[in-house]
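Since the structure comes first, as C-alpha cells, the remarks are kept for the end.
Scope of the values below: all heavy atoms of this structure, side chains included, with no hydrogens, waters or symmetry mates. If you're wondering where the values come from, they're calculated on a predicted model, not measured in any experiment. Letters go in sequence order (proteins before strands), and every chain restarts at 1.
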There are 2 protein chains.
Amino acid sequence: MMNMDPALDMQKASQLLKLLGDKTRLMMMKLLQSHDCCVCEFVAIFNMSQPGISQHLRKLKDAGLVKETRRGQWVFYSLNRENEYGGFIDDLLKHLPDQNERFVELEAQGLRITCE
Amino acid sequence: MMNMDPALDMQKASQLLKLLGDKTRLMMMKLLQSHDCCVCEFVAIFNMSQPGISQHLRKLKDAGLVKETRRGQWVFYSLNRENEYGGFIDDLLKHLPDQNERFVELEAQGLRITCE
DNA sequence: TACATATATAAGTACATAATTATATAATAA
DNA sequence: TTATTATATAATTATGTACTTATATATGTA
C-alpha cells in the first residue's frame, strides 16, 4: 500500500502529535481551519493570559503548522497550507467537532476583529 | 458535514493525541496493527527497560487502546478493536510507515515469541 | 511628542512525564 | 520444593511543559 506521507517518520509524527496533544493548541488549529484569528481573539476565546496564548502560537509556528501576518496593530495567524504534513493534520482535524460557535460568541460580544 | 466521531470532543481528542505523542507508544500502536506482541518482544524492539515498556503499555491499556491476554508465562497485547475512538486512531496510524521490518529483525534474532 | 493597544519575550514556578533501579507477583520447569 | 522467566508495581529522579507575572517592543492615536 502506498504511503501518502513518505516524509512522516515516527519521530516527526510523534512530535506533531505531542504538539496537538494539548487542548488549547488543538482547538486553535481547528478554529484556524475555518477562520484566521488574531492573538486578541484567541485571548477572548480561551481562558488564558495573553502571553500564554502567544507561547502556544509560537510552538505551532515553529512546527510550521501556522503562519503569522501583521495587519496594522494586529498579528493574524492562519494555517500554513504549504506545510508538508498538511494531509496528516487535515485527516486528524476532520474528526474534531466544528468550533464555529466560538466565533458566533465572539461576534455577540463585539470582540471579533475584522481589520480592513 | 457529518461528524463521524460524535463522542470525540476536544478534551478526549487531546488526551488521545498526547498519549500517542510519544515515539515509543506511537510505534507500539503501529506494531500492534500488524501483530500482537508480548512484553518481552517490545523489550527486544525498544532500547528500554522492561518496567519502562510495561508502563507505556499500561497507559495504552488505561486509555482503552489495547487489550492484554495472558498466554502461559507471557502477556500478549493487542489493539482493542472495540475502542470507540478506533476510527480516529486508524486514520492516524495509516499515515505512519509500516514497521513489519522490526518483526523480521526479531525473527532473525530468534526473539519472536509464537506461544502455542 | 506622549499615551494606549497589541503582541512577544523573559523569568519563575508548579506540575507532569518518562525514564531508571529495586522489588513484588505470577507462571513454569527442575 | 526451589529456581527461573515474565511481568507489574513502587520509589526515585531528571527533565519537560504549561502556566503565571513582569517587561520589552511595535503599532496606532491624540
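Between the side chain of R25(B) and the backbone N or O of M27(B) there is no donor-acceptor pair closer than 3.5 Å.
Distance from the side chain of C38(A) is smallest for dT7(C) among the nucleotides dT20(C), dT7(C), dT17(C). Looking at the side chain of W74(A), the nearest of the listed nucleotides dC19(D), dA8(D), dT7(C) is dT7(C). Between dA18(D), dC19(D), dT7(C), one nucleotide has an atom nearer to the side chain of H56(A) than all others, and that is dC19(D). Which of dA19(C), dT9(D), dT21(D) sits closest to the side chain of P51(B) comes down to dT9(D).
Two residues, Q50(A) and K18(A), neighbour DNA chain C, and the one matched to the more 5' nucleotide by heavy-atom proximity is Q50(A). Each of Q73(A) and G52(A) was matched to the nucleotide of DNA chain D holding its nearest heavy atom; the match closer to the 5' end belongs to G52(A).
The side chain of R25(A) contributes an N or O atom lying less than 4.0 Å from OP1 or OP2 of dA18(D). Between K59(B) and dA18(C) there is a side-chain N or O to OP1 or OP2 distance below 4.0 Å. Between S49(B) and dT20(C) there is a side-chain N or O to OP1 or OP2 distance below 4.0 Å. Y77(A) has a side-chain polar atom (N or O) that falls below the 4.0 Å cut-off from OP1 or OP2 of dA8(C).
Distance CG (D22(B)) to P (dA16(C)): 18 Å, rounded to an integer number of Å. Across the protein-nucleic acid pair, N47(A) atom CG and dA18(D) atom P stand 17 Å apart, rounded to whole Å. Between the P atom of dA8(D) and the CG atom of L60(B) lies a distance of 12 Å, rounded to the nearest Å. The nearest whole Å value for the distance from the CZ atom in R70(B) to the P atom in dT5(D) is 16 Å. Distance, F46(A) CZ to dC19(D) P: 10 Å, rounded to whole Å. Rounded to an integer number of Å, the gap from R58(A) CZ to dA10(C) C1' is 11 Å. The distance between atom CD of E41(B) and atom C1' of dT5(D), rounded to the nearest whole Å, is 15 Å. The nearest whole Å value for the distance from the CG atom in L57(B) to the P atom in dA19(C) is 12 Å.
Nearest heavy-atom pair, D36(A) versus E41(A), reported as atom, atom and distance to 0.1 Å: O-OE1, 4.2 Å. Here the closest heavy-atom approach between residue L96(A) and residue A13(B) is recorded as CD2-CB, 3.4 Å.
F42(A) comes within 4.0 angstrom of no nucleic acid atom, judged by non-hydrogen atoms across all strands. Using a 4.0 Å heavy-atom distance criterion, K23(B) is classed as making no nucleic acid contact.
Scanning atom types as modelled, no donor and acceptor separated by under 3.5 angstrom connect the side chain of Q55(A) and the base of dT7(C).
Taking 4.0 Å as the cut-off between side-chain N and carboxylate O, D90(B) and K94(B) do not count as a salt-bridged pair.
You'll find the side chain of L8(B) stays beyond 4.5 Å of the side chain of E84(B), heavy atoms only.
Aromatic ring orientation, H95(B) versus F88(A): perpendicular (interplanar angle above 60°, classes split at 30° and 60°).
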